[in-house]
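What follows is a single structure, written as structure tokens, with notes after it.
Since the model is a prediction, treat every value here as computed from it, not as a measurement. Chain letters run A, B, ... following the sequence lines, proteins first, then strands; residues in each count from 1.
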Amino acid sequence: MIKITFPDGTVRDYKAGITGLELAKDISPALAREVLSVTVNGEVTDLTRPINSDASIRLHKWDDEEGKHTFWHSSAHLMAEAIEQLWPGTKFGIGPAIENGFYYDIEPGNGHELTDDDLILIENKMKELASRNQPIERREVSKQEAIAYFTKKGDEYKLELISELEDGTISFYSSGTFVDLCRGPHLPSTEPIKAIKVLSLAGAYWRGDEKRKMLTRVYGITFPKQKMLDEYLAFLEEAKKRDHRRIGKELELFTFSPKVGMGLPLWMPRGAEIRASLINFLTSILKKRGYKIVATPHIGNVNLYKTSGHYEKYGESSFRPISTPQEGEQFMLKPMNCPHHCEIYNATPHSYKDLPLRMAEFGTVYRYEQSGELHGLTRVRSFTQDDAHHFCRPDQLREEFKSIIDLVLYVFRLLNFNEFTAQVSLRDPDHKEKYIGTDENWERAERDIIEAAAEMNLSTVVETGEAAFYGPKLDFMVKDAIGRKWQLGTIQVDYNLPERFDLTYNGSDNQKHRPVMIHRTIFGSMERFVAVLIENSAGKFPLWLAPDKAVILPISEKYNDYAKNVLELLNNSDICTLIDERSEKIGKKIRDNELKRIPYLLIVGEKEEQTGTISVRRQGEGDKGTMKPEEFIKYIKEEIKREIAV
RNA sequence: GCCGAUGUAGCUCAGUUGGCCAGAGCAGCUGAUUUGUAAUCUGCAGGUCGGGGGUUCGAAUCCCUUCAUCGGCUCCA
């Protein structure tokens, strides 16, 4: 007998060799029908694997990430089986579950090139295979046997994967006719896979290396119920309506012009208004927190970037230097503001008493992103960072870093940005050549970040290989409408640039000391932040950010004069207001202006003119009653004050 | 940059196997209407069918090329 500990702490005796599925059946037949995988002593495994010794277990249903993961992983195998039957000789790379669904990287047999038309073929084949309720079976194999199998099959991708595995840890899973090298876990059979959608095709480099062959990646998603698939597809449709590129066009916030150049955003008046409001908002907070605002040029001598190390790292792959009539003289569009800020630091002597020094700039930078990477406002070639650099003594670093975390959290809270992930981005210890600086400084900086975050009780995820080339970062990530993650704020500890620029301060010992630098942004860039703001609000901005606060809708042209009086009154009170003088019915005017997401619609007709009032309608909410314009001004100002109660 | 897809009016989209002057709705402009809380009616105008080249008696439609966009990959100081 073995002892099984359940998540609620109860311990029960079972005979050795019992499986997760049998445990579920023992609890209830209903659970057995829904359970997808089981965690045994912290490892997620198959429901059909015998448990031979005392263990604590957790059964996973669809609602658990582990359950979904198992479901989609098995679905990837099902898709592979379908593809292999449709195009024999297909070679398979990897086929994991992802956040929403799964993919498989393949090289179709006989040189077949997959097109979108093939997606439906794959989908139908999958449905056919799934309906057979084939068991998915695990088999442990020796390395030799594994190599023999895939050598015979002629699949060099699997062979490469096997070559990196230890003998004795290799397992095969078979479902129907398809046998795959796989660690698992999997469903006991394909029976639960009821709803299937093969979504899209994409190219993906083998092992993520752009120097290696590009395989075809097939994306799909499956569900245990058709209704869930329908809901998911409906969600994707809905999300498209929140796409910032679409809303940006609808609400005339920004545009791009091929004549200006791809990836170079043009802010239209309404978008520029939002951008300016955000800058003003942040500037007022920065001043309260002891920042000094600076301004620097959009170009810098190429030697500046040779000193900083950016030229060596990015010089070849970015905008080319600008030549001047002066022989040998070259300038570059600035790809970041830090070197300029270092030179501001160097312009004056610094005492240990002056530090920390916080230097902020809304600095526009230029980076030659590859054409395929451009994406609306989130990935552009010219953008304005809400950049700042803190120059501090080593003993101040921890507190300084923590104060920035506090600032980021404070701003996010004011803006109702609750769904973010704090990510500690460390260097890849296997590829140290990609980074500059000494091991000692790197280890120190990484420790600083991890400990500062911990002291702030910030829950973080750690990603290795995501650091900047000069230092580790704490990144604040948020999701867009369809769940893609974007980095907004970032805080970076840097021991390198102070050395490269020979930054110093005089210590109490009257000796020269080296300050530490922290790079940080809150929004990341104005462009990306506005994009994320649009996607999260669906274009319905909080009142204080709305470019136009109100629109006056006269019932008929007879009341246009009265409407203009009100308009003047509101605009003179700093409430940006429009007027809709068209000869349309009031219902039409309301509809059109509701769709423009203007927060307040002010209706004036005979009644209002006679009593000197306006009828107030809140966008998305409806009629709020009648009030005097003066009352409305007070009302709206109160609301704005509440929204950004700093 | 790479893989796949797309590109028709300001916007959203139709356009059959190549065949008369390329269509609709919305937006715009006209005129009528003077309206009370999510679409009043009339008329008009608007497109070298992304650009360039080719095949053909004939191309939005087929081929080549180029640019841009979309979904991924790679990249993201």
Side-chain angles (χ1 to χ4, degrees), chain A residues 103 105 113-119 199-219 240 243 245-246 249-250 252 255-258 261-263 305 308-315 317-318 334-339 365 367-376 378-381 383 385 387 435-436 466-471 473 475 482 484 486-487 490 492 494 497 519 524-525 528 553-560 582-595 601-608 615-620 622-624:
Chain A
Y103 66 79
D105 283 348
E113 283 188 15
L114 286 184
T115 68
D116 284 359
D117 295 337
D118 293 324
L119 297 181
L199 292 164
S200 60
L201 292 175
Y205 299 108
W206 171 234
R207 315 218 79 180
D209 183 344
E210 71 180 318
K211 291 183 188 67
R212 304 196 66 178
K213 191 172 172 102
M214 179 164 269
L215 303 181
T216 304
R217 179 167 295 181
V218 187
Y219 284 92
K240 274 189 202 161
D243 190 310
R245 291 163 296 189
R246 175 174 171 155
K249 200 179 266 180
E250 279 172 11
E252 297 176 3
T255 189
F256 291 91
S257 153
M262 59 201 288
Y305 306 105
S308 70
H310 290 99
Y311 185 81
E312 193 192 354
K313 180 85 180 171
Y314 297 104
S317 58
S318 198
K334 77 172 164 185
M336 79 292 304
N337 305 297
C338 12
V365 297
R367 297 175 185 178
Y368 189 79
E369 306 292 4
Q370 293 186 74
S371 59
E373 290 157 356
L374 298 174
H375 183 97
T378 50
R379 199 75 190 276
V380 286
R381 285 177 172 171
F383 57 96
Q385 297 179 309
D387 205 0
Y435 308 91
I436 60 170
E466 293 293 315
F469 76 93
Y470 52 75
K473 315 185 283 176
D475 293 325
I482 61 171
R484 283 180 293 223
W486 296 95
Q487 177 201 310
T490 178
Q492 311 172 356
D494 183 2
L497 277 190
H519 308 245
S525 76
R528 185 176 288 179
L553 313 180
I555 295 281
S556 84
E557 287 171 9
K558 282 192 281 192
Y559 312 107
N560 280 0
R582 294 174 306 161
S583 161
E584 292 288 351
K585 290 171 80 168
I586 192 67
K588 168 79 162 169
K589 290 189 188 184
I590 286 170
R591 178 182 158 77
D592 288 350
N593 288 289
E594 282 272 342
L595 290 176
L601 312 187
L602 309 175
I603 292 140
V604 296
E606 187 181 3
K607 204 169 64 189
E608 287 78 11
S615 283
V616 179
R617 180 187 164 106
R618 176 80 218 215
Q619 194 269 351
D623 200 348
K624 293 282 171 191

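Applying the 4.0 Å criterion to OP1 and OP2 of rG1(B), one finds that S371(A) has a side-chain N or O inside that range. Contact annotation: R582(A) side-chain N/O to rU40(B) OP1/OP2 distance is not under 4.0 Å. Distances shown here put every side-chain N or O of H375(A) at or beyond 4.0 Å from the OP1 or OP2 atom of rU69(B). When the side-chain nitrogen and oxygen atoms of R245(A) are compared with OP1 and OP2 of rC70(B), one or more of them lie within a distance under 4.0 Å. Proximity of K588(A) to the phosphate of rA27(B): a side-chain N or O atom is located under 4.0 Å from OP1 or OP2. Distances shown here put every side-chain N or O of K213(A) at or beyond 4.0 Å from the OP1 or OP2 atom of rC2(B).
Separating the P atom of rA60(B) from that of rG7(B) is a span of 15 Å, rounded to the nearest Å. One P atom belongs to rC70(B), the other to rC11(B), and the distance between them is 14 Å to the nearest Å. Of the C1' atoms belonging to rU74(B) and rG47(B), the separation is 38 Å, rounded to the nearest Å. Taking atom C1' in both rC21(B) and rU30(B), the straight-line distance is 25 Å, to the nearest Å. Using atom P as the reference point in both rG50(B) and rA68(B), the two lie 16 Å apart (nearest Å). Annotation: rA5(B) and rC62(B) have their P atoms spaced 14 Å apart (nearest Å). To the nearest whole angstrom, the two C1' atoms, one in rC13(B) and one in rC49(B), are 13 Å apart. Separation of the C1' atoms belonging to rA32(B) and rG18(B) is 45 Å when rounded to the nearest angstrom.
For A202(A), counting side-chain heavy atoms from C-beta on, the closest listed nucleotide (rG71(B), rU37(B), rU35(B)) is rG71(B). Of all nucleotides listed (rA5(B), rU12(B), rA77(B)), rA5(B) comes nearest to the side chain of D116(A). Counting only heavy atoms from C-beta on, P335(A) has its side chain closest to rA77(B) among rG4(B), rC75(B), rA77(B). For E373(A), counting side-chain heavy atoms from C-beta on, the closest listed nucleotide (rA38(B), rC75(B), rC73(B)) is rC75(B). Across rG36(B), rC73(B), rA5(B), the shortest atom-to-atom separation from the side chain of S615(A) is found for rG36(B). For K585(A), whose side chain is taken as the heavy atoms from C-beta onward, the closest listed nucleotide among rA77(B), rC73(B), rU35(B) is rU35(B). Taking only side-chain atoms of L201(A), from C-beta outward, the nucleotide of rU69(B), rU40(B), rG4(B) with the closest atom is rG4(B). The side chain of R484(A) approaches rG71(B) more closely than any other nucleotide in the set rG71(B), rC3(B), rU37(B). Out of rA77(B), rU37(B), rU74(B), the shortest distance to the side chain of E210(A) is found at rU74(B). In the set rC76(B), rA38(B), rC70(B), rC76(B) carries the atom at the smallest distance from any side-chain atom of R528(A).
The residue Y219(A) sits close only to the backbone: its heavy atoms come under 4.0 Å of sugar-phosphate atoms, none of a base. Within the nucleic acid shown, K473(A) comes within 4.0 Å of sugar-phosphate atoms alone, with no base atom in reach, counting heavy atoms only. Nucleic acid contact for E584(A): base, since at least one base atom lies under 4.0 Å from a heavy atom of the residue. Looking at heavy-atom distances under 4.0 Å, E113(A) makes contact with sugar-phosphate atoms alone, never a base. Counting any heavy atom pair closer than 4.0 Å across all strands shown, H519(A) reaches no nucleic acid atom. Across all strands, Y470(A) comes closer than 4.0 Å only to sugar-phosphate atoms, never to a base (heavy-atom distances).
Atom-to-atom, CG of L374(A) to P of rC73(B) comes out at 15 Å; the value is rounded to the nearest Å. If you take CG of L199(A) and P of rA5(B), they are 17 Å apart, rounded to a whole angstrom. One can place CG of L114(A) at 11 Å from C1' of rC3(B), the figure rounded to the nearest angstrom. To the nearest angstrom, P of rC11(B) lies 13 Å from CZ of R246(A). What separates CE of M262(A) from P of rG1(B) is a distance of 7 Å, to the nearest Å. Computed from coordinates, the I482(A) CD1 to rG72(B) C1' distance equals 10 Å when rounded to whole Å.
The line from OG1 of T255(A) to CZ of R245(A) is 13.5 Å long, rounded to the nearest 0.5 Å. Note: H519(A) NE2 to L497(A) CG = 5.0 Å, rounded to the nearest 0.5 Å. The structure places CG of L374(A) at 5.0 Å from CE of M262(A), a figure rounded to the nearest 0.5 Å. For the atom pair I603(A) CD1 and I590(A) CD1, the distance stands at 4.0 Å (nearest 0.5 Å).
The base of rC76(B) sits within donor-acceptor range of the side chain of R379(A), with an N or O pair under 3.5 Å. You won't find any donor-acceptor pair under 3.5 Å spanning the side chain of S556(A) and the base of rU33(B), going by distance alone. In this model, no side-chain donor or acceptor of Y205(A) finds a partner on the base of rG72(B) within 3.5 Å. Residue E369(A) places no side-chain atom within donor-acceptor reach of the base of rG1(B), judged by atom type and a 3.5 Å distance cut-off alone.
Pairing partner, rU6(B): rA68(B), with both Watson-Crick or wobble hydrogen-bond distances short of 3.5 Å. Base-pair partner of rG25(B): rC11(B) (Watson-Crick or G-U wobble, both distances under 3.5 Å). rA59(B): no Watson-Crick or G-U partner with both key distances under 3.5 Å is found in any strand.
Toward the 5' end of RNA chain B, the nearer of the two residues Y368(A) and G208(A), judged by each one's closest nucleotide, is G208(A). A residue-by-residue look at D592(A) and G620(A) shows that D592(A) has its nearest nucleotide of RNA chain B further toward the 5' end.
Nearest heavy-atom pair across E113(A) and D118(A) is O-OD2, 3.8 Å.
Residues T378(A) and R484(A) form no side-chain contact, since every pair of their non-hydrogen atoms from C-beta on lies 4.5 Å or further apart.
Ring geometry for H375(A) against W486(A) counts as tilted: the plane angle lies between 30° and 60°, on a 0 to 90° scale.
A salt bridge between R617(A) and E594(A) is present, with a side-chain N of the basic residue lying under 4.0 Å from a carboxylate O of the acidic one.
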*Check the pair Y205(A) / R212(A) against side-chain contact (heavy atoms from CB on, under 4.5 Å), numbers first and verdict last.*
CA-CA 6 Å; Y205(A) 299 108; R212(A) 304 196 66 178; 5.6 Å; no
